[in-house]
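The structure appears right after this line, and notes come after that.
Just so it is clear, the model here is predicted, and its values are computed rather than measured.
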Amino acid sequence: QVQLVESGGGLVQAGGSLRLSCAPSGRTFSRYTMGWIRQAPGKEREFVAAISRSSSIKYYADSVKGRFTISGGNAQNTVYLQMSSLKPEDTAVYYCAADVMATAQTMGQNTNGISYWGKGTLVTVSS
């Protein structure tokens with residue numbers, strides 16, 4: 001069983017930056033594709049970014065490409081989401097996710113089958 005613990009959320013002004021972290025409890029990340037998925041109030045869950053088991057492949061949603069960077073995983077045993085140029089529409093609860101079968105791309109295409117989820121961390125971007 002993989003338990004994922006997110007941290008780093010908070011309140012930031014538009015144009016600012018935040019870094020989210022995700023650390024596992026009880027396991028290492030080396031076997032898992034890791035990702036970040038968010039859910040804004042009243043909206044459906046949305047894929048944000050994913051990183052492969054080897055940390056060599058990264059996949060992003062078009063809405064965050066060029067602004068967000070996913071890193072870590074594998075030997076580092078912590079996955080990060082560096083968020084820059086934040087917009088009010090980035091406001092959401094951000095969930096760390098892990099899956100042993102998914103690739104970074106398939107995690108982006110279908111979040112329904114992800115095996116493990118963190119409890120989420122709230123990011124609020126004020127205008």
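What you find for Ala97 and Ile114 is that their closest heavy atoms are CB-CG2, 3.6 Å. Residues Leu4 and Cys22 come closest through the heavy atom pair CB-SG, 4.0 Å. Nearest heavy atoms, Pro88 versus Ala14: CD-CB, 4.1 Å.
A distance of 12.0 Å separates CD of Gln39 from OH of Tyr94, quoted to the nearest 0.5 Å. The CG atom of Leu20 lies 11.0 Å from the CZ atom of Arg38; values are rounded to the nearest 0.5 Å. The OH atom of Tyr80 sits 14.0 Å away from atom OG1 of Thr69, with the distance rounded to the nearest 0.5 Å. For the atom pair Arg31 CZ and Met101 CE, the distance stands at 10.5 Å (nearest 0.5 Å). The OG1 atom of Thr124 lies 11.0 Å from the CG atom of Leu86; values are rounded to the nearest 0.5 Å. Here Leu81 contributes atom CG and Leu18 contributes atom CG; the two are 9.5 Å apart, rounded to the nearest 0.5 Å.
Looking at Arg67 and Lys87, their side chains come closer than 4.5 Å, going by heavy atoms from C-beta outward. Annotation: side chain of Val125 is not in contact with side chain of Glu89 (no heavy-atom distance under 4.5 Å).
Ile51 and Ile57 fall into different hydrophobic clusters, defined by Ile, Leu, Val, Met, Phe, Trp and Tyr side-chain heavy atoms under 4.5 Å apart, directly or through other members. Val12 and Val48 end up in the same hydrophobic cluster when Ile, Leu, Val, Met, Phe, Trp and Tyr side chains are linked at under 4.5 Å. Under the 4.5 Å side-chain heavy-atom criterion for grouping Ile, Leu, Val, Met, Phe, Trp and Tyr, Ile37 is connected to Val93 within one hydrophobic cluster. Trp36 and Tyr95 fall into different hydrophobic clusters, where Ile, Leu, Val, Met, Phe, Trp and Tyr side chains are chained together by heavy-atom contacts under 4.5 Å. Linking Ile, Leu, Val, Met, Phe, Trp and Tyr whenever their side-chain heavy atoms come within less than 4.5 Å leaves Leu122 and Val5 in two separate clusters.
With hydrogens and angles disregarded, no donor-acceptor distance shorter than 3.5 Å links the side chain of Thr33 to the backbone of Ser52. Of the possible donor and acceptor atoms, one in the side chain of Lys58 sits under 3.5 Å from a partner among the backbone N and O of Ile70. Of the possible polar contacts, none joining the Arg19 side chain to the Gln82 backbone as a donor-acceptor pair under 3.5 Å is found. Side chain of Glu6 to backbone of Gly120: a donor-acceptor contact under 3.5 angstrom is found. Put simply, the side chain of Ser55 gets close to the backbone of Gly72: a donor and an acceptor are under 3.5 Å apart.
Every pair passing ring pair (Phe, Tyr, Trp, His ring centres under 6.0 Å) that includes a residue from residues 48-71 is listed here, sequence neighbours excluded: Phe47-Tyr59.
Residues passing the side-chain contact (heavy atoms from CB on, under 4.5 Å) test with Gln3 are Ser25, sequence neighbours excluded. For Ser7, the side-chain contact (heavy atoms from CB on, under 4.5 Å) criterion is met by Ser21, not counting sequence neighbours.
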Q. Going through the checks in order, is the side-chain contact (heavy atoms from CB on, under 4.5 Å) test met by Ser71 and Val79?
A. CA-CA 6 Å; Ser71 63; Val79 174; over 6 Å; no
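Within a 6.0 Å sphere centred on NZ of Lys65, heavy atoms belonging to other residues, nucleotides or ligands number more than 12.
Of the N and O atoms on the side chains of Glu46 and Thr111, not one donor lies less than 3.5 Å from an acceptor on the other residue.
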